[in-house]
Asker: 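Attaching a single structure in C-alpha cells format; questions to follow.
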Amino acid sequence: TELDLSPDETMRVLDEARRLKSDRSRGVQLNSLAGKAVALYFEKPSVRTRVSFTLAARELGAEVVELGSHNTKVGHGEDLEDFAMVLNGYVHALVARVFGQSTLDTLAKRATMPVINALSDERHPCQALADVMTILERFGRIDDRVITFVGEGNNVATSLALLAASLGAEVRVASPVGYALPAWALAQTEGLAGKVVPCVDPRQAAEGAHVLVTDTWVSMGREGDAAALRAAFVDYRLDEALIARARPEAIVMHCLPAVRGEEITEAVMYGPRSAIWQEAENRLHVQKALMEYL
Ligand code: CP
Ligand code: NVA
C-alpha cells in the first residue's frame, strides 16, 4: 500500500523519479536493474500500468514476463500461494493488478520478493506516486496544498488521499452518499501530517483547491452496476463551472482511462489546466524509482 513507504521513503523515491525522468529525456542509458527479472500479473485490463511497468523495467536493464488470467491457471487450477512460491525462484519482483487487496496479501505472504500493487479494488498506490510527483512538479510542494477528489472513494481516491495526507496535504474527497471513502481508509489517516476530509458537495470541496482530481464513474469490475453508478455520479463531473471555484492556478488530474462527458468534460481534459498527460507519463518514472528502491 501507499503507506508501506514512510514520508521520507516516498520523498526519496520521488527525488529519484525526477532524476530518472531527466536522465531519460537526455538519453542516458541506465542499468540499475540489470540481471533482474520482473513478473507482471494482470487480473484486469491495463494500458498505462502495463506499458509503464514494462518499459520501466526494461529501460533499467531488467527482463519482464507478463502473466494473466489468459495464460495462467491461477485461481482455476493453480493456487495463488503456489504461484507466488514458484515465482520466488524465477523473478526479483512481482507486479500485480488484482480485484481484491486480499489477493495481494496472499501473494505477499508467500513471496520472498517485493510484491507491487498495480491496482486493486481498494488501492492504486503507483498512481498516487505519479499524482504526487505531478503535484510536486507543478507546485514545488505538496504540504499546505488542497487536493480535491471528485468521485467514488475507491482505489484511486483512497491511495491519493492517504499518500498526499502522509506528506501534509489537505485532501477533500467529494462523493455521493453511499460512495464515500471507506471507514478503514479514514482510520488510516490517524497520525498523518495532513488530513482527509470526506464530503458530499463537489462545489464546496472545489473552493480554493490547488488540484482537482477525478476518476471514472464505472471502475473495472463494476460494469454490472453501470446504470446505477451513472445516475449516482451525474453531479460529480469536472467541468469549467467546478474549476472556476478552485484557485486560478489550479491543475486538473485524471488517472485515465477517462469517459469524456461523464466524469470530466472534453474542454477540461484538453484545456490549459490539464496535467493529465504529464501525470500519465510520470507513472513510468515513479515505477522505475520504486523498483530500484525495492
Ligand atoms: N491509470 C491506470 O492505471 O491506467 P491503466 O488501467 O490503463 O493501467
Ligand atoms: N477506479 C478505476 C481506476 C482505473 C485506473 C478502476 O478501478 O477501474
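In listed order, ligands and their atoms are each counted from 1. Numbers here are sequence positions counted from 1. FYI, side chains are in, hydrogens and waters are out, and symmetry mates aren't considered; it's all heavy atoms of this structure.
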Asker: Is a salt bridge present between Asp15 and Arg12, judged by a nitrogen-to-oxygen distance below 4.0 Å?
Answerer: no

Asker: What are the atoms of ligand 2, with element, lying closer than 4.0 Å to any heavy atom of Leu119?
Answerer: 3 (C), 4 (C), 5 (C), 7 (O)

Asker: Using a distance-only test with no angle check, is there a side-chain donor-acceptor pair under 3.5 angstrom linking Tyr236 and Glu263?
Answerer: no

Asker: For the residue pair His210 and Phe139, does the interplanar ring angle fall in the parallel (under 30°), tilted (30 to 60°) or perpendicular (over 60°) class?
Answerer: perpendicular

Asker: First locate atom CE of Met291, then atom SG of Cys126, and finally report the distance between them rounded to the nearest 0.5 Å.
Answerer: 9.0 Å

Asker: Between Thr265 and Asp239, is any side-chain donor less than 3.5 angstrom from a side-chain acceptor?
Answerer: no

Asker: Verify, without hydrogens or angle tests, whether Ser219 (side chain) and Arg222 (backbone) share a donor-acceptor contact under 3.5 angstrom.
Answerer: no

Asker: Report the part of Leu256 (side chain from C-beta onward, or backbone N, CA, C, O) that has a heavy atom under 4.0 Å from ligand 2; answer both or neither where that applies.
Answerer: backbone

Asker: Mark yes or no: Arg97 above the aromatic ring of Tyr41, with NZ or CZ under 6.0 Å from the six-membered ring centre and no more than 45 degrees from the axis.
Answerer: no

Asker: Please list the nearest protein heavy atom to atom 8 (O) of ligand 2 with its residue and the distance rounded to 0.1 Å.
Answerer: Met220 N, 2.7 Å

Asker: Within a distance under 4.0 Å of any heavy atom of Asn155, pick out the atoms of ligand 2 and give their elements.
Answerer: 1 (N), 2 (C), 6 (C), 7 (O)

Asker: For atom 1 (N) of ligand 2, find the nearest protein heavy atom and state the residue, atom name and distance (0.1 Å precision).
Answerer: Asp215 OD2, 2.6 Å

Asker: Output the list of atoms in ligand 2 that are nearer than 4.0 Å to some heavy atom of Val156, sorted by atom number.
Answerer: 3 (C)

Asker: With respect to atom 6 (C) of ligand 2, which of Ser219, Ser46, Ser120 exhibits the smallest heavy-atom separation?
Answerer: Ser219

Asker: With a 4.0 Å cut-off on N to O distance, would you call Glu2 and Arg123 a salt bridge?
Answerer: yes

Asker: For ligand 1, list the protein residues that place a heavy atom within a distance below 4.0 Å of one of its atoms, sorted by chain and number.
Answerer: Ser46, Val47, Arg48, Thr49, Arg97, His124, Gln127, Cys255, Leu256, Arg283

Asker: Hey, are Ser32 and Glu292 close enough side-chain-wise for a donor-acceptor pair under 3.5 Å?
Answerer: yes

